[in-house]
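Following this message is one structure expressed as structure tokens.
Letters go in sequence order (proteins before strands), and every chain restarts at 1.
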Amino acid sequence: MADYNFSLVEKKWQKFWEENQTFKTGTDPNKPKYYVLDMFPYPSGAGLHVGHPLGYIASDIIARYKRLKGFNVLHPMGFDSFGLPAEQYAIQTGQHPAITTEENIATFTRQLKNLGFSYDWEKEVRTSDPAFYKWTQWIFMQLFNSWYNIETNKAEPISNLISVLEKEGNANIKAACDEDTQVISAEDWVNLTEKEKQLFLFKYRLTFPDESYVNWCPGLGSVLSNDEVKEGVSERGGFPVEQKLMKQWAMRITAYCERLINGLDEVDWSDSIKDQQRNWIGRSQGASVRFALEQQTTNNKQQFAIEVFTTRVDTIYGVSFMVLAPELELVASLTTPEQKNAVDEYIHWAKSRSEVERQSEVKKVTGVFTGSYCINPFNNEKVPIYLADYVLAGYGTGAVMGVPSGDQRDWNFATHFGLPIIPILDAQKGMEKEADNTKEGKYINSGMINGLDYKAANEVLIKYLDQNKIGKGKIQYRLRNAVFSRQRYWGEPVPVYYKDEIPYLIDESELPLLLPEVDNYLPTQTGEPPLGNAVNWKYKGKYEYELSTMPGWAGSSWYWYRYMDNKNNVLFADKQAINYWQDVDLYMGGSEHATGHLLYSRFWNHFLFDLGLVPKREFAKKLINQGMIQGRSNFVYRSPITPGKDTTFVSFGLKEQYHAIPLHVDVNIVENDILDTEKFKASRNDIGNNPEFILENGKYICGHEVEKMSKSKYNVVSPDDITVKYGTDTLRIYEMFLGPLEQAKPWNTNSISGSFNFIKKVHRLFFEEIAGTEKLKVTNNEPTKADLKVLHTAIKKVADDIERYSFNTVVSTLMICVNELAALKCNKKAVLEQLLILLSPYAPHISEELWEAIGHEPGTISYANFPVFDASLVQESTFEYPISINGKVRANVALPTDMSNADIEAAVLANETVQKWLAGNTPKKVIVVPKRIVNVVV
RNA sequence: GCUCGAGUGGUGGAAUAGGUAGACACGCAGGACUUAAAAUCCUGUCGGAAGCAACGCCGGUGCGGGUUCGAUUCCCGCCUCGAGUACCA
């Protein structure tokens, strides 16, 4: 029989969809909307890899399914096309990154179209397109012109702030601002110079210049990410890397900490992603307490004190030592002459410790006494000050109060250095072996809180801190403001120029600020970013532009709005379009973006919401993270080489007896772990002319292992290879059949023939071969009861499972349905056309083809009506009850489904087999679970 | 170390509300068709003992306990693997 020609059919329909713009989407007030969004890819030079399509296929299935259910579906695709690889290629070859990017996008587009996705390609966006980044720059300008008002709990125009400053100064302003902002009066403000005013406002703006440390690599003349630094030297080239303080644009994301945590309750995202975000933001409620230093005059207490943050201020009377991070500048002035050598030695040692050493020696206590003391403000006792590298300079104040009775790490530290361990709660157990972090019981040894419980004690202590100005109740976040500058070329220019060393926004009418041409993509001789190479690039011909560019996450933090109205020249998207599409109903992408992209995007969206530009605080209702596709490597086993003899490879099961060593082998010449030895010989020139293979059962079996997918492990499989061999429909079915979408899994093609067989079986339901030609065998006959039962069982399960995103079980259901219809020799059009609709989201090409073959208008299956389940067609008049006796199933009894429990019980007990098993015993009770099971307890 | 997942046949996996574990698919074995192969179709396939045979029996979802008439599913303890995170006070 002539096989189903998938390659011809698939090309035909891809062309049809493109030419007829089948998936072109506009706003349609008569239909409910549904927005399915994929995380858009960075168009890398390697092209689409086999893990990419997993999420895209799943989201495409949902998009096609929702269309069948009558939704107006927005399902776009675009490219996150600014990025480092294109720039590095430009540095090496001199080719403009725009050209490389253009070529890569062309490859991606071709590959994506080849997979039959129902994207509306008219809506494509690219972050590196000036028509797009104009609006990224515009949003930056809005952030620049805003501050965060804690009273109203939203971002407001900076002009509001200025008018308050003019009237009454900032004493009454509650804002998310720099920690060091001084209180000024209206008079102070008015008397500031223009430059001072601007500098003052930067303490409030939501984007502002900030000094921050970067990994500076003099050898490469550029700034590196943490990722690019390995053990203190650059990954590329191995040059030393140093910490350098640089002026960088920062985003005041910390203003939104609280809202970013609370907003998580509004969205349907997985708990693990929500947990990750919550932990990343790291809210902890507690108090800050200032410990004055012992040796100092009383009048400058404020300046010379150690401030700590604690979540357990109630343990304050249990403090027996203080620990500082060794990196703190304060340390030098605290160290007494007697301790100087020991301290210097410790600091030196701490700096030399690699990350790996710190990790593996968690349990070992290290530290050093500085010789100084501070004073516990509650009981005026002397507290010795230590250094230890378990305290981080970057978190909080870099100082921790040590309470050994309630904290295990503090207990270890105190025990090691022989410091007192003071019990503070009567409920605390003996402290000989370990700390007890209970909050139960009443306080003891605790001055003003003796006899109180946890809650009361906290209230008393916080009040005391406030009244005596030695601290306050405080909420601390782990999240930092986000650095927004990159010393790179291939990114969005920051729409800012400098006048008198102060940055100002360019005029809105000048947007987009185009990326200038440069002849060298490296930093300038003077160490300025690559944009410093641009000639005559000045605002109004005289002011220097900002030379850094925006980071990769800028464009991806708002792009879903641009898809709604991607051609708009006046707004980032038309108000009406935004009001129609509102937000993303389903967002599909990898979980590796949990604390990057997904957090920044939420931040920008909250900000745009504050400005009234978008209707929803949260931009994505439902998020699904597809699991990572790992590589599955294959191995051959080479027995020890004997000089002068050909290389010998032994099959997997024999490797032990030959003492053979494993070598990676290209997975593309292995099928079901069986090596194609001829191809293997041809592919390698390092194994001699006539290698010997020692086989098992006539086959060479390869070993396998799950590893990261990479070229060097010969385990990369391209989706193109699969579509050529089996077709797109098979690939789509197979990727969904692999297992639960969210689960990480190794890629292997062992069972792809099952999916291929399924496609062929579907075709065979419609066509048969008569005398060498294919004939359509579909008739208009009335479906039988059996036909309809099979069909409607499938309709129910397909619809239920797709609603809970269980793609793999839907495929199983479709396979069962096709097998059963084939067994029934069902060739009725009324049944088969419903089957095609069920199948069409998964295998759209063959569905379209057969839909047309049975007489429908071409292309109309995409918007057909999803079959309606009819329960009466699958209802049974009787149900075969499994009867268990003491939990073991012993009999099956068929009974009418509409029987009462009492009648079922009577009928079961009267049954012969049941009687036999009861063997004359009287049942204690009988449990009837309708349509499930009957359990008789003896 | 901490947090969150997961552990089911030779393999990927199913069991949606605690109710007949192993659906579906791969692989394997046997058979049909064929001169032969491919393709296709049919049968079997968790393990065990015994057996002329059975649609019968026993065991079985990482390990040990518990709750329940009944546990892959819930609870407690342990082991292993994966992901995230890095001493967060």
| query | A:N625 CG to B:rC4 C1': how many Å, rounded? | reply | 13 Å

| field | Whole-Å C1' distance, B:rG18 and B:rG66 | value | 15 Å

| message | Counting only side-chain nitrogens and oxygens, does A:Q743 get under 4.0 Å of the OP1 or OP2 atom of B:rG13? | response | yes

| request: Look at the aromatic rings of A:H763 and A:F767 and report parallel, tilted or perpendicular, splitting at 30° and 60°. | output: parallel

| task | Sticking with atom C1', work out how far B:rG7 lies from B:rC63, rounded to a whole angstrom. | result | 11 Å

| What is the distance, rounded to the nearest whole Å, between atom CZ of A:R278 and atom P of B:rC4? | 12 Å

| field | Nucleotide-resolved protein contact map, nucleotides 18-25 of chain B, B/S/- at heavy-atom distance under 4.0 Å | value | -BB--BBS

| Distance in angstrom units between A:W269 CH2 and B:rG84 P, rounded | 18 Å

| task | For B:rU73 versus B:rG19, give the span between their C1' atoms, rounded off to a whole number of Å. | result | 11 Å

| For B:rG13, is chi within 90° of 0 (syn) or not (anti)? | anti

| query | With a 4.0 Å cut-off, would you call A:D268 and A:R804 a salt bridge? | reply | no

| Check ion pair A:E307-A:R290 (N to O, under 4.0 angstrom) | yes

| field | Rounded interatomic separation in angstrom, taking CZ from A:R478 and C1' from B:rG84 | value | 11 Å

| Taking the same atom, C1', in B:rU68 and in B:rC74, what whole-Å distance lies between them? | 10 Å

| field | side chain to side chain donor-acceptor pair (under 3.5 Å) partners of A:N819, counting only residues at least two apart | value | A:K761

| message | Show me the pairs that pass side-chain hydrogen bond (donor to acceptor under 3.5 Å, both in side chains) and involve residues 313-323 of chain A, at least two apart or across chains. | response | A:R312-A:D314, A:D314-A:Y443

| field | Atom C1', compared across B:rA49 and B:rC42: separation rounded to whole Å | value | 31 Å

| query | A:K760 near the nucleic acid: base, sugar-phosphate alone, or nothing, with a heavy-atom cut-off under 4.0 Å? | reply | sugar-phosphate

| request: Taking atom P in both B:rG82 and B:rU8, compute the distance separating them and give it to the nearest angstrom. | output: 14 Å

| query | When you compare B:rU72 with B:rU61, how far apart are their C1' atoms, in angstrom units rounded to a whole number? | reply | 5 Å

| field | Residues forming a salt bridge (Lys or Arg N to Asp or Glu O under 4.0 Å) with A:K916, sequence neighbours excluded | value | none

| field | N-O pairing of A:E735 and A:K745 below 4.0 Å | value | no

| field | Pairing string, 5' to 3', for RNA chain B - Watson-Crick or wobble contacts under 3.5 Å, brackets [ ] where pairs cross, | to another strand | value | (((((((..(((......[....)))((((((.......))))))(((........)))..(((((..]....))))))))))))....

| query | Between A:E742 (CD) and B:rC4 (P), how many Å, whole number? | reply | 18 Å

| request: For A:I752 and B:rG27, give me the distance from atom CD1 to atom P, rounded to whole Å. | output: 12 Å

| note | The answer to which of A:V400 and A:D801 contacts RNA chain B further toward the 5' end, by nearest nucleotide, is A:D801

| remark: Whole-Å distance, A:Q276 CD to B:rU3 P, equals 15 Å

| remark: To the nearest angstrom, the CG-C1' distance between A:N279 and B:rA83 comes to 14 Å

| query | Side-chain N or O of A:R890 less than 4.0 angstrom from OP1 or OP2 on B:rC57? | reply | yes

| task | Decide side chain to side chain contact (heavy atoms under 4.5 Å, CB included) for A:L461 and A:L465; before the verdict, give the C-alpha distance in whole Å, the side-chain angles of both, and the deciding distance to 0.1 Å. | result | CA-CA 6 Å; A:L461 292 169; A:L465 286 173; 5.5 Å; no

| field | Test ring pair (Phe, Tyr, Trp, His ring centres under 6.0 Å) applied to A:F756 and A:Y726, A:Y734, A:F737, the passing residue | value | A:Y726

| said: Can you check the distance between B:rC55 and B:rC4, where both ends of the measurement are the P atom (answer in whole Å)? | reply: 48 Å

| Under the salt bridge (Lys or Arg N to Asp or Glu O under 4.0 Å) test, which residues partner A:E742, sequence neighbours left out? | none

| request: Determine, step by step, whether A:V926 and A:V908 satisfy the side chain to side chain contact (heavy atoms under 4.5 Å, CB included) criterion, reporting the C-alpha distance in whole Å, the side-chain angles of both residues, the deciding distance to 0.1 Å, and the verdict. | output: CA-CA 9 Å; A:V926 178; A:V908 164; 5.6 Å; no

